[in-house]
Amino acid sequence: MKRIAKIDVNKCPQDHACPAVRVCPVGALTQDKRNAAPTVHQDICIGCGRCAMTCPKKALYMTQEV
């Protein structure tokens, strides 16, 4: 099984540039608009967890891909 990042859009304030986008070492997170929740590209995510550790609202979290 592979660890992957997920986002709970209900916890994401969606009112700022997401700080987790900058810490992803492989570019698996993108944010189309400054006030939008980021998108996790599962095909790129390596499961390192840096985004989840950086998210101040804990909207990003790690889970096991089934």
**Q** Give the C-alpha distance, both sets of side-chain angles, the deciding distance and a yes or no for side chain to side chain contact (heavy atoms under 4.5 Å, CB included) between T30 and H41.
**A** CA-CA 8 Å; T30 58; H41 301 279; 2.8 Å; yes
**Q** Could you state the interatomic distance from CD1 (I4) to OG1 (T63), rounded to the nearest 0.5 Å?
**A** 6.5 Å
**Q** Do N35 and Q14 come close enough that some side-chain heavy atom pair is under 4.5 Å?
**A** no
**Q** Is K57 atom NZ crowded by more than 12 heavy atoms from other residues, nucleotides or ligands, each under 6.0 Å away?
**A** no
**Q** Would you say that P25 contacts I46 through its side chain, given a criterion of any heavy-atom pair below 4.5 Å between the two side chains?
**A** yes
**Q** Quick check: closest heavy atoms across C48 and M53, and the distance to 0.1 Å?
**A** O-CE, 4.4 Å
**Q** Mind checking the CG-CD1 spacing from L29 to I7? Nearest 0.5 Å is all I need.
**A** 7.5 Å
**Q** Hey, does K2 have a side-chain heavy atom less than 4.5 Å from the side chain of Q64?
**A** no
**Q** Could you report the tightest heavy-atom contact between G27 and C24, atom names first, then the distance?
**A** N-SG, 3.5 Å
**Q** Minimum heavy-atom separation for M62 and C51, please, with both atom names.
**A** SD-SG, 4.5 Å
**Q** Applying side chain to side chain contact (heavy atoms under 4.5 Å, CB included), can you list everything that pairs with A17, at least two apart in sequence or on another chain?
**A** Q31, R34
**Q** Heavy-atom distance under 4.5 Å between the side chains of L60 and T54, does that happen here?
**A** no
**Q** With the side chain counted from C-beta on, respond yes when P38 and C12 share a heavy-atom pair under 4.5 Å apart, and no when they do not.
**A** yes
**Q** Any donor and acceptor pair, going by atom type alone, linking the side chain of Q42 with main-chain N or O of K6 inside 3.5 Å?
**A** no
